[in-house]
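The structure appears right after this line, and notes come after that.
Letters go in sequence order (proteins before strands), and every chain restarts at 1. Quick note: numbers below take in every heavy atom, side chains included, and nothing from hydrogens, waters or symmetry partners.
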2 protein chains.
Amino acid sequence: MTSPPAADRQSHRSGPLLDHLARRVRLRAETVLVPLGLRPRHLVALTVLRAQGGCSQQSLAATLEMDGTNIVGLLNELETGDLIARRRSPEDRRRHIVELTLAGTDLLCQAECAMAAAEDEVFGALDQAERESLYALLSKAATGSEIPCAAADPTAESAAFCAAADHD
Amino acid sequence: MTSPPAADRQSHRSGPLLDHLARRVRLRAETVLVPLGLRPRHLVALTVLRAQGGCSQQSLAATLEMDGTNIVGLLNELETGDLIARRRSPEDRRRHIVELTLAGTDLLCQAECAMAAAEDEVFGALDQAERESLYALLSKAATGSEIPCAAADPTAESAAFCAAADHD
DNA sequence: TATTGTTATACTCTATAACTATA
DNA sequence: TATAGTTATAGAGTATAACAATA
């Protein structure tokens, strides 16, 4: 039974919509982040690092579902800007523990502020309550799909986007 | 008033989440669409074409927020597979009216079916009601942000994703 | 002259394979 | 031998500029 009950949902495919909207946001993000010297994927990486507090590069790669080799270049750029720091894990010297620096935390904050304007443009059709709902749903989908192997691995590659979510 | 009330929303940035989830869906979409000879952007283009019913290439470019030059190659691929057809507009012979073929309509249907499995994997943390909510919000955001110049241009570059939305 | 579509080209993003060091 | 990280390289995606046809 490789095909689950996909009967009625045929007319409700979110994939293309998600792709389209993500593209719209990303195009605008590229623009608003230029003054900060950042690009969209930098923002995603910084967000994850803030949420996880510090993790190995492979853990980061797993969370972002990016190839490990691309993580290297990405972190190199962030390290050049002194936004993150790499340090050897004392337990396993093969590992690099990646963490946000103070400068990184600060810049991430500025970037999120800049992103607000970009998102306003794309989500203009949604009122504040709807945007909150959207955020909650996206948040749940994102964190839920990364939890499966959380208990098994102490490297903490789960609940990446969760920490920044709703804790008020 | 270039900076709207972006005070409290600082902790609710949907951008990175959207980017991340779209990536997850796209990665899986690439896999499930291979047997059909399609790629994610083909699916998006076919979806728009079905919704719009037929439009110029520039209209398509505007809807997808893609560069017009990339539309050419994209349509070439779809035309090779006989999924779309180009015909000169009788009113303005500079324009190519792009339309879905029967084969294209059929394959799109199959593709959507295949996508269901991919989306199930990414949205596993959401129940059916939540997925419907998510779809509705994404749909509203996507269509709302393309409506602005709808009344002015009869080329119909608006309401692209809307037609496929909720009409039950 | 302006617009639609096209081609050619360069730039960025991403993935694959081979290498170094640690375990 | 297996794993974490790195490097080099090739492929796909995307944007910029110049061109042909039509208005």
Rounded to the nearest angstrom, tell me the gap between atom CE in A/M66 and atom C1' in C/dC13. 9 Å
Starting at the 5' end of DNA chain D, which residue's closest nucleotide do you reach first, A/I97 or A/L27? A/I97
Taking only side-chain N and O atoms of B/N70, does any of them lie within less than 4.0 angstrom of OP1 or OP2 on D/dG13? no
Atom CD1 of A/I84 to atom P of D/dG5: distance rounded to whole Å? 12 Å
Sequence neighbours excluded - side-chain hydrogen bond (donor to acceptor under 3.5 Å, both in side chains) pairs with any residue from residues 36-45 of chain B: B/H42-B/E77
Look at the side chain of A/T69 and the base of C/dT16, then say whether one donor and one acceptor between them are separated by less than 3.5 Å. yes
Please determine whether a side-chain nitrogen or oxygen atom of B/R26 lies at a distance below 4.0 Å from atom OP1 or OP2 of D/dG13. no
How many whole angstroms separate atom CG of A/L75 from atom P of D/dG5? 9 Å
Starting from P on C/dT14, measure out to CD on A/E65 and report it in whole angstrom. 13 Å
Need one value for A/R39: base, sugar-phosphate or nothing, where a base atom within 4.0 Å counts as base even if backbone is also close, heavy atoms only. sugar-phosphate
Check the side chains of A/R95 and A/Q57 for a donor-acceptor pair under 3.5 angstrom, ignoring hydrogens and angles. no
In whole angstrom, give the distance that lies between atom CD of B/E77 and atom P of C/dT7. 13 Å
Closest to side chain of A/D67, choosing from C/dT7, D/dA15, C/dT16: C/dT16
Report yes if some heavy atom in the side chain of B/L137 is under 4.5 Å from a heavy atom in the side chain of A/F123; otherwise report no. no
If you assign B/R23 and B/I71 each to the DNA chain C nucleotide with the nearest heavy atom, which residue ends up on the more 5' nucleotide? B/I71
Are there any protein N/O atoms within less than 3.5 Å of an N/O atom in nucleotides 21-23 of chain D, and if so, which ones and at what distance?
from, atom 1, to, atom 2, distance (Å)
D/dA23, OP1, B/R93, N, 3.2

Salt-bridge test for B/E65 and A/R28: reply yes if a basic N is under 4.0 Å from a carboxylate O, no otherwise. yes
I'd like to know if A/E119 pairs up with A/R24 as an ion pair, taking the criterion as any Lys NZ or Arg NE/NH1/NH2 lying under 4.0 Å from an Asp or Glu carboxylate oxygen. no
May I ask you to decide whether A/R13 forms a salt bridge with A/D19, counting only side-chain N to carboxylate O separations under 4.0 Å? no
Report yes if at least one side-chain N or O of B/R41 is closer than 4.0 Å to OP1 or OP2 of D/dG13; otherwise report no. yes
Atom CG of B/L64 to atom P of D/dA15: distance rounded to whole Å? 11 Å
With respect to the phosphate group of D/dA4, does any side-chain polar atom (N or O) of A/Q58 fall under 4.0 Å of OP1 or OP2? yes
Which whole-number value in Å describes the distance from B/H96 NE2 to D/dA20 P? 17 Å
CD of B/E30 versus P of D/dG11: gap in Å, rounded? 17 Å
Is there side-chain contact between A/L64 and A/N70, with at least one heavy-atom pair below 4.5 Å? no
